[in-house]
Amino acid sequence: MFSDHLSTTGAYPEKFILSTGLHRQYLRDWVRMRQLVTTRIDPTNHMGVPIEISDITPNVMVAADGAEVSLVSPEA
């Protein structure tokens, strides 16, 4: 979603809103990837885009225009 948004609009999204569980998964995946990349993780942002944790409005990317884009497919 992030790269699609960036290539389509030329702008970074405003933020990501992740559920507690998805945020934990993101951090686990980042640790795995860190074995290949030596970048330090900041659990509050992804590539400079703020990450907000919310179990009320979970798993969306807030686009530059304010639109919410689901990060999880309906089948998941």
Side-chain angles (χ1 to χ4, degrees):
M1 294 296 164
F2 177 82
S3 59
D4 289 344
H5 178 37
L6 186 58
S7 66
T8 302
T9 66
Y12 278 75
E14 288 182 29
K15 63 182 172 181
F16 296 100
I17 304 175
L18 305 179
S19 66
T20 305
L22 189 60
H23 188 250
R24 270 193 229 115
Q25 181 181 339
Y26 164 76
L27 294 176
R28 277 192 310 267
D29 290 347
W30 188 261
V31 168
R32 285 187 201 133
M33 190 175 87
R34 189 161 181 241
Q35 294 171 355
L36 304 172
V37 180
T38 58
T39 306
R40 287 189 55 211
I41 186 171
D42 180 350
T44 63
N45 78 65
H46 176 73
M47 297 182 68
V49 179
I51 297 174
E52 182 179 310
I53 308 301
S54 172
D55 288 321
I56 298 170
T57 309
N59 310 323
V60 296
M61 177 185 71
V62 180
D65 64 1
E68 291 186 357
V69 179
S70 177
L71 295 173
V72 180
S73 66
E75 300 86 38

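From a predicted model like this one, the values you see are computed outputs, not experimental measurements. Just so you know, these numbers use all the heavy atoms, side chains as well, and skip hydrogens, waters and symmetry mates.
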- Note on the structure: Taken in chain and number order and not counting sequence neighbours, the residues that satisfy salt bridge (charged side-chain N to carboxylate O under 4.0 Å, His left out) with Glu68 are none
State the [atom1]-[atom2] distance between [X] and [Y], to the nearest 0.5 angstrom.
X     : Y     : atom1 : atom2 : answer
Leu27 : Leu22 : CG    : CG    : 10.0 Å
Ser54 : Asn59 : OG    : CG    : 9.5 Å
Leu71 : Ile17 : CG    : CD1   : 9.5 Å

- Only counting residues at least two apart or in another chain, list the ones meeting side-chain hydrogen bond (donor to acceptor under 3.5 Å, both in side chains) with Thr20. Asp55
- Message: Per the salt bridge (charged side-chain N to carboxylate O under 4.0 Å, His left out) rule, what does the pair list look like for residues 44-54, sequence neighbours excluded?
- Response: Lys15-Glu52
- Task: Taking all non-hydrogen atoms of both residues into account, name the closest pair between Ile53 and Ile51 and its distance.
- Result: CD1-CG2, 4.0 Å
